[in-house]
Amino acid sequence: MGLKNLLRCWEDPSLLLRRHYSLNKIRQLIWGQIVSPEHRYFMDELRDDVSTKANKDVLAWLNPSNEPAQELMHFRDDCHYDTFRAHLLCAAKAIEHGADPGLLDDNELSPIAGQVGLPLGLMRDLSHEFGTCRQRSCESSVAAPIALTPRRGGALPSPAEAVLAQLRFERVLGGTGDVYVTPQQAFLRLSQGFDCIWREVPEHVRGLLAERKEMPCVDFDVRIRIEHLDEEERLINEELQGRSASGAAAWGLYFALTRKVPDDGIVVLTEVDKDGDLRGVDGVKEKVRALIQVAPPPDTIVVATEADENAANQALVEARMAGKIDVRRP
Amino acid sequence: MPTKLEPLIEVRSRLADELVAYLQVLADFGDRVVSPLLGQQYLPWREGHGSCPLRAVILGDPGSGKTRLLLEEARRLSLVAIDELCKRDVSVAGIRLPIYARVPELGESNEPLEELLANLAARDRSGQFRNLVRAKLETGLCVVLLDAWDEVALPESHVRHRLSMFSRGLPHTRILLASRVVATDFDELLAPDPQRYEVPALTRRQIESYIRATCSQDSQAITSLLEMFEVHDDLHELAGNARLLAVMCNTGRTHRAEQYKACLAKMLRRGHGSVADMQTLLQATAWRHLVNDEAWHFSRSFLHSTVARRLEAMGLNDSAEDSVRHILQTGIIKFVSVHSEAMSFLHPRIRDYLAAGELAKQLGGPQGEQRILDLPEGRLSANELLDAKTQDPRWAEVIVFLAGQLPASQALGLVEQIADIGPSALRGSRDAGERRLLLAARCMGEIRTECGCADDCSGYGP
C-alpha cells in the first residue's frame, strides 16, 4: 500500500475498507448497521427527515426509478422490502400530518398496513416513534423461553449446544389485538419457518380462543421481541429458522392475549404445524442440556411426542437432574 | 399423533401443582373442621368492619371456636388462592399463601420461626416448594395462622422470643394468633400494633340452627333441647360455647346435672392428667372458693395451694405445679385477663356444680349428713351447713346441683329437710319459707331416679 496511501487511509478510512473488502462485503456491513437493532441508522435518518419535514427525500426512496434506494431495500432479502416501505410510508404520513405526528389515527395508518401487508400494530409503533422518538410503552409482558439449535457451519456453537432465548410478548395499550415483531427487530433474517410465530401462530391461538369461547383482550397490541439469554449478537446475524419455537410462541401468545398469568418455570419444546397441531422438535437433548444450565432451571419441560419425552428424560438422567425437572406431554 | 393447542395451555408447572395440592389439603381440612351449621361466624374484617389487620390476636375460651375461625380463614384464603391459580389470574409467585401451625408443634429449637414454618408447610414436598414458602414469608405474601399460643405462653419459652423476632423481622407478613386468655404482652409479642378480637358466644339463632341440623332426624329431641335451654339460662349460656353445645346435643339427655357432667367430662379429657384426679382437684378448688366466700376472681397461688393440699390429702406425690397446668389445659379454669394472673371458673354454675360434687362426696362418706366440716364460720355438720345456707343465694345453685348428684333416697331426704318450713326453719320471715319451698321444688327437679329420669318421683310434691 505504501506510506503515502497509509496516510490517505488515515484521513479517509473508507479507502482502507475498499482496499481490503469487496464492494458487496462492504455493503453487507453497512446494511447490517443500517438496520441492526442496536444502531437502527435507517430509523435515525428517517426521524431526522420527519423532524425537518423532508418529505421529498422520503418519497424519493419510494420511487421505483431510484435505483440506489431500491437496491438497498432489496439488498439482502426481498422480504424486508415491505418493512422498508412501511417505515417510509409512515414517515411520509407523519410529515404530512404536521404538528403532532405521534397522534396518527388508525384511519390514516390502515391503508399503509394494507399496502405493505404488515400488521397495523407495527404501523402504530412506527408512527408513534416518528412522533415522539419513543416506542409505545408496554403495560405488561409474558416471556416464553425457547432453545434454538443452530445450523451446522453457522457462526453459532456446534449443534451439540443450543442457544437460549426467550420470546417476550409485550402488551401495548391502544391497539386492537394485532401481533407483530418489534420494529427494532423488524429486519432480522427469519426463515419462513421461524416467522410462523407471527404469521401463523396468532391465527391458531385466536382459533383456540374461539373454541374455548374466551374473549381475547382487544385494547392492546402484542409486540413480540426476541431476547437473548445467551451472548448478545450471535443470533441477530444468523438466520433464525425452523418452527421449533412456535409451540412456545403459541403458549406465550395465549397468555398475552388473554391477560392470564402463565406459570413460571415452564419451557415448551414443541412446534405448531400449519394445521395448529403440536409436533415434536429436533435436538431435544441439546435443548434440554442448555436449559438446565440456566439459573434457576425450569421445573417443567413440555414436549409433544413420546420420542421427545424419552429424549428429554435421557438428557436429564445424563445431567443427574432426573426427578428435579418434570417432563410432561399435553 | 398430533395434538391440538388446548392441552398445551392447560399444562401446569410442577410447582403450581404442588401449590394447589398444598392449598387443597388446607381447604379440605378446614372444610372438615368448620361447621357450617353454626352459621357465619366470620372474623370481623370479613364483615366489612375494617381492613384486615397485619397482626391480630384472637382470644376466646376453650371450645369457643378459635381454632375453627383460624381454619376457616385458612380455608377461605386457600380457596381464593386455588381459584386465582386455576383461573390464572395470579402467578405462583404472586399467590398469598396461608400457613396454619399449632405453636406447640413448632418445638423449642433455636431455629428462626420462618425456617420452622417453611419446613412445616413444605413437609413431604420439594425443596423448590420450601424455597417458595420461604420467599413468600419474606415478601409478605403469606398469612401465618398460629394456634394454641396459650399452651406455650410461659415467660421463659423460647417460642415467645422467636415469635417476637419473627414478627419484628417480617413486618409485611400477616400474622393471626389464637389463644385463650393468658397473661401475655401481645403488643410486645406481635409488634407492631396487634388488633385484638374476642370470639363471640354463639347467638340464640346459631344455637337453635345447630340443634335443628344436628338432631334433624329426631323432632322430639329438638323440642326437648330447645325447652331445656328455655328453662335453664345457665345451660343456654354454656351453649354459647361451640364445643359445649355439641356435647349437650350429643348427650341425648335434658337433665341439667347430666349436661354438666357430660360437659365437664369432655373438658377434663383435654387435660393431660388423670381425669379422676383432676376432677377431685377441681372439686376441692370449687369448694374452697365457695366456702371462703372468695371474690369471683382468684389467684394462681390460691389454686396452687388448694391443689397442693388436696394432693397431700390424697396421698399423691404429683407436682402441684404440673397439676395446676393440667387443670388449666382443661379450660375449666381460665385466666380472666391478658394483663394479670387472675383466674376464674369458666362459668359460675360450673363452680357450683363442682362444689356440689365435693359436698356430695362428704355426704356420701361414712358419717353422711353428720360429718363435721371445717368451715371459716366454724365446725358444722353437713346438715347444719345446709340448713344455714338454704337462705344464701350464693348457695342456692350448689344445693340444687347437690340434689342432682346424691343418690335418689339421700336427695329426697335433702328435699324434705329444705321443705321443712316449721317455725324453726322459717326463722322469722314468710318470704324465707317460700324461698325454701321453691328451692326444694327445684331440687326435686334435679333428683335422678333409678332410670335416670328426674320426672318419676311421685309422692314427693313440694
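Remember, predicted model here, so these are calculated numbers, not experimental data.
- Between B/Lys4 and the choices A/Asp275, A/Asp277, A/Asp273, the salt bridge (Lys or Arg N to Asp or Glu O under 4.0 Å) rule is met once, by A/Asp277.
- In summary, B/Glu10 and A/Arg212 engage in a salt bridge, as defined by a charged side-chain N under 4.0 Å from a carboxylate O.
- In this structure, the separation between NZ on B/Lys87 and OG1 on A/Thr258 is 14.0 Å, given to the nearest 0.5 Å.
- Side-chain N or O atoms of B/Ser13 include none that pairs as donor or acceptor with a backbone N or O of A/Ile266 at under 3.5 Å.
- No side-chain heavy atom of A/Val261 sits less than 4.5 Å from a side-chain heavy atom of B/Val90.
- Using a 4.0 Å cut-off between charged nitrogen and carboxylate oxygen, B/Asp89 and A/Lys260 do not count as a salt-bridge pair.
- A/Asp299 places a side-chain N or O within 3.5 Å of a backbone atom of B/Leu15 that can act as its donor or acceptor partner.
- Separating the CG atom in B/Leu8 from the CH2 atom in A/Trp251 is a distance of 8.5 Å, to the nearest 0.5 Å.
- In A/Asp282, the CG atom is not crowded: 12 or fewer heavy atoms of neighbouring residues, nucleotides or ligands sit closer than 6.0 Å.
- Within the model, atoms OG of B/Ser91 and CG of A/Asp264 stand 5.5 Å from one another, a figure rounded to the nearest 0.5 Å.
- Looking at A/Pro262, only its backbone comes within 4.5 Å of chain B, counting heavy atoms on both sides.
- Classification of A/Asp326 and B/Arg12 as a salt-bridged pair fails, no side-chain N sitting under 4.0 Å from a carboxylate O.
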